[in-house]
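Sequence lines set the chain letters: A, B, ... in the order given, protein chains first and strands last, and positions in each chain run from 1.
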Number of protein chains: 2
Amino acid sequence: MHSTAEENYIKAIYKLSGGGAKAVSTTGLSESLETKPASVSDMLRKLSAKDLVHYVKYHGVQLTEEGRRVALKIIRKHRLWEVFLVQKLHFTWDEVHEVAEQMEHVKSELLIQRLDEFLGHPRVDPHGDPIPTEAGELRQEEQRVLSSLAVEQKGVVCRVKDSQPAFLQYLNKMGIQIGSQLQVVDKIPYDNSLEISIDKTKSVILSSDVLDKIFVINP
Amino acid sequence: MHSTAEENYIKAIYKLSGGGAKAVSTTGLSESLETKPASVSDMLRKLSAKDLVHYVKYHGVQLTEEGRRVALKIIRKHRLWEVFLVQKLHFTWDEVHEVAEQMEHVKSELLIQRLDEFLGHPRVDPHGDPIPTEAGELRQEEQRVLSSLAVEQKGVVCRVKDSQPAFLQYLNKMGIQIGSQLQVVDKIPYDNSLEISIDKTKSVILSSDVLDKIFVINP
DNA sequence: ATAAAAGTTTAGGTTTGCCTAAATATAATT
DNA sequence: AATTATATTTAGGCAAACCTAAACTTTTAT
């Protein structure tokens, strides 16, 4: 098994490299992890010995296939815990990160399987980022603007375009958050507003201004 | 804040001393923590410097008031997570410990507050052990053997004495688990068996053997 | 093309938490 | 009371993960 420190390096490399694609610099990592470059060099040598990264001195690191697998596992755990914290314990978006950062290192396959089940196999975290599958795949969902849905069509909120407090508060009042299950009930042709049902419980009318700012994926 | 290792020592001292009462030996701790006695001596010096324990060389340790406070906080976290794992994620009694052992070290006041709320402020963990309050108090519920209840009396199952699979499966079949609400319906003097109603729905006859292994607290 | 600047690695050191082996204190036995 | 046995501590080391300072590469700018 890997140490917490190792896991944090792997995760940081994954993020900085944009999913394991490009190589990452020592300084970049040291800034991201808030450690000194010398410490990073140290750790990269160790990770390289474990074949979690390809490391060429003075020329940066990249994740190996195995490293990428490990990264996705950690990210899966992190995002599932974020969903738990927001949906079940009513944390706000800004409160979750620090705690999820700790929970992601708890070791138990069964725990994550059961948590995933308990949460209803969510596909995005509270920030709208996709949750890797158990198999370690990061399926990129096709995102659509809510305004583009036809009557009867469904979608799960995955992203909002406007992050101003006023807008977020409005969504909150409506009962809409990332992960909410929406369905178009009716279309009002006069002003292109839509009647939307939220989580199969209540329904509201949203103006086309608002509809243009909400993105959904297929349920 | 305290390290995971420190927290584990504090918890072990608490447990071995029976709640912080008596002093605990180096060897006792080393066995309980699966480390060598020399390592324990080492750590005790450190904990003593932090005033978490009273440590007199060659004569054992005891928790200070502060140490006891810390211990109860950890135990509270551990037991709340156990409740979560069993009640929400459907872990079995034997699967919870290892995982709760890791989760108890996650640092966040808010997390524990919210978890407690989410679980409905449970008073005992899945093994029937009491959960310390947020204030750090261990209210000791009076536990009674089920066999000691008179006709009409009620109780909530808080623990069972026998943890062999056969017995647990039997209870499961009967529909009895920790938290079940029981009431004595009738007494059969011939063999001291009792007719017990379970969660106000059905009722069964339990032999005195079984009755002696089930403990309840006042509802 | 070469010197200066920036980035990276190595060398040597620290702390935490563990280890073994040796020394010392306490307890048990004769 | 003296000796043996057991428990505990001290001394010296090791690995992980960090640090600073110095050495070395690569890049940039003259």
Side-chain angles (χ1 to χ4, degrees), chain A residues 1-17 22-63 67 70-71 74 98 101-102 104-107, chain B residues 1-17 22-63 67 70-71 74 98 101-102 104-107:
Chain A
M1 217 27 57
H2 310 110
S3 72
T4 296
E6 282 171 348
E7 290 190 349
N8 285 334
Y9 273 86
I10 297 283
K11 203 175 42 147
I13 295 169
Y14 182 91
K15 297 235 156 120
L16 285 182
S17 68
K22 8 180 221 298
V24 166
S25 74
T26 300
T27 327
L29 277 171
S30 93
E31 276 161 10
S32 162
L33 291 161
E34 297 185 79
T35 60
K36 300 289 157 175
S39 308
V40 175
S41 288
D42 234 19
M43 181 60 98
L44 292 184
R45 209 174 7 79
K46 288 175 200 165
L47 293 176
S48 185
K50 292 190 176 187
D51 278 319
L52 291 164
V53 299
H54 294 301
Y55 172 44
V56 183
K57 276 197 228 171
Y58 294 103
H59 294 87
V61 260
Q62 253 189 294
L63 292 179
V70 172
I74 303 165
E98 194 191 357
E101 202 84 351
Q102 296 179 64
E104 77 191 3
H105 299 295
V106 173
K107 264 107 192 152
Chain B
M1 216 27 57
H2 311 109
S3 71
T4 296
E6 283 171 348
E7 290 189 350
N8 285 334
Y9 273 87
I10 297 283
K11 203 175 42 145
I13 296 169
Y14 182 91
K15 296 234 158 120
L16 286 182
S17 68
K22 11 181 219 298
V24 166
S25 75
T26 300
T27 327
L29 275 170
S30 95
E31 277 161 10
S32 161
L33 291 161
E34 299 185 78
T35 59
K36 300 289 157 174
S39 308
V40 174
S41 288
D42 235 16
M43 182 59 99
L44 293 184
R45 208 174 5 80
K46 288 174 197 165
L47 292 176
S48 184
K50 292 190 176 186
D51 278 320
L52 291 164
V53 300
H54 294 301
Y55 171 42
V56 183
K57 276 196 230 175
Y58 294 103
H59 293 88
V61 260
Q62 253 188 295
L63 292 178
V70 172
I74 304 164
E98 195 191 353
E101 201 85 350
Q102 296 180 63
E104 77 192 1
H105 299 295
V106 173
K107 264 107 190 152

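Look at CE on A/Met43: it is 9 Å from P on D/dA16, rounded to the nearest Å. Put simply, CD on B/Glu34 is 18 Å from P on C/dG17, counting in whole angstrom units. Here D/dT10 presents its P atom at 6 Å from OH of B/Tyr58, a figure rounded to the nearest Å. Atoms CD (A/Glu31) and C1' (C/dA6) sit 13 Å apart, rounded to a whole Å. Atom CG in B/Leu33 sits about 18 Å away from atom P in C/dT16, given to the nearest Å. Atom OH of A/Tyr55 is separated from atom C1' of C/dG7 by 11 Å (rounded to the nearest Å). C/dT16 atom C1' lies 15 Å from atom NE2 of B/His2, rounded to whole Å. One atom, NZ of B/Lys36, and another, C1' of D/dG12, lie 18 Å apart when rounded to the nearest Å.
For the pair A/Ser25 and C/dG7, the criterion of a side-chain N or O lying under 4.0 Å from OP1 or OP2 is not met. When the side-chain nitrogen and oxygen atoms of B/Ser41 are compared with OP1 and OP2 of D/dT9, one or more of them lie within a distance under 4.0 Å.
Of the residues near DNA chain D, A/Tyr9 and A/His59, the one whose nearest nucleotide (by heavy atom distance) lies more toward the 5' end is A/Tyr9. Mapped onto DNA chain C by nearest heavy atom, B/Ser39 and A/Gly60 fall at different nucleotides, with A/Gly60 at the one closer to the 5' end.
Distance from the side chain of A/Ala38 is smallest for D/dT20 among the nucleotides C/dC18, D/dT20, C/dG17. Picking from C/dC18, C/dG17, C/dT9 the nucleotide with the shortest atom distance to the side chain of A/Lys57 gives C/dT9. For A/Asp42, whose side chain is taken as the heavy atoms from C-beta onward, the closest listed nucleotide among C/dC19, D/dC18, C/dT24 is D/dC18.
No donor-acceptor pair under 3.5 Å is formed between the side chain of A/Ser32 and the backbone N or O of A/Gly28.
The shortest distance between side-chain heavy atoms of A/Tyr14 and A/Leu63 falls below 4.5 Å. Looking only at side-chain heavy atoms (C-beta outward), B/Ile10 and B/His2 stay at 4.5 Å or farther from each other.
A/Ala5 comes within 4.0 angstrom of the backbone, heavy atoms only, and of no base. Across all strands shown, B/Thr26 has heavy atoms under 4.0 Å from sugar-phosphate atoms exclusively, and none from any base.
Other residues, nucleotides and ligands place more than 12 heavy atoms under 6.0 Å from the NZ atom of A/Lys107. A 6.0 Å sphere centred on NZ of A/Lys15 holds more than 12 heavy atoms belonging to other residues, nucleotides or ligands.
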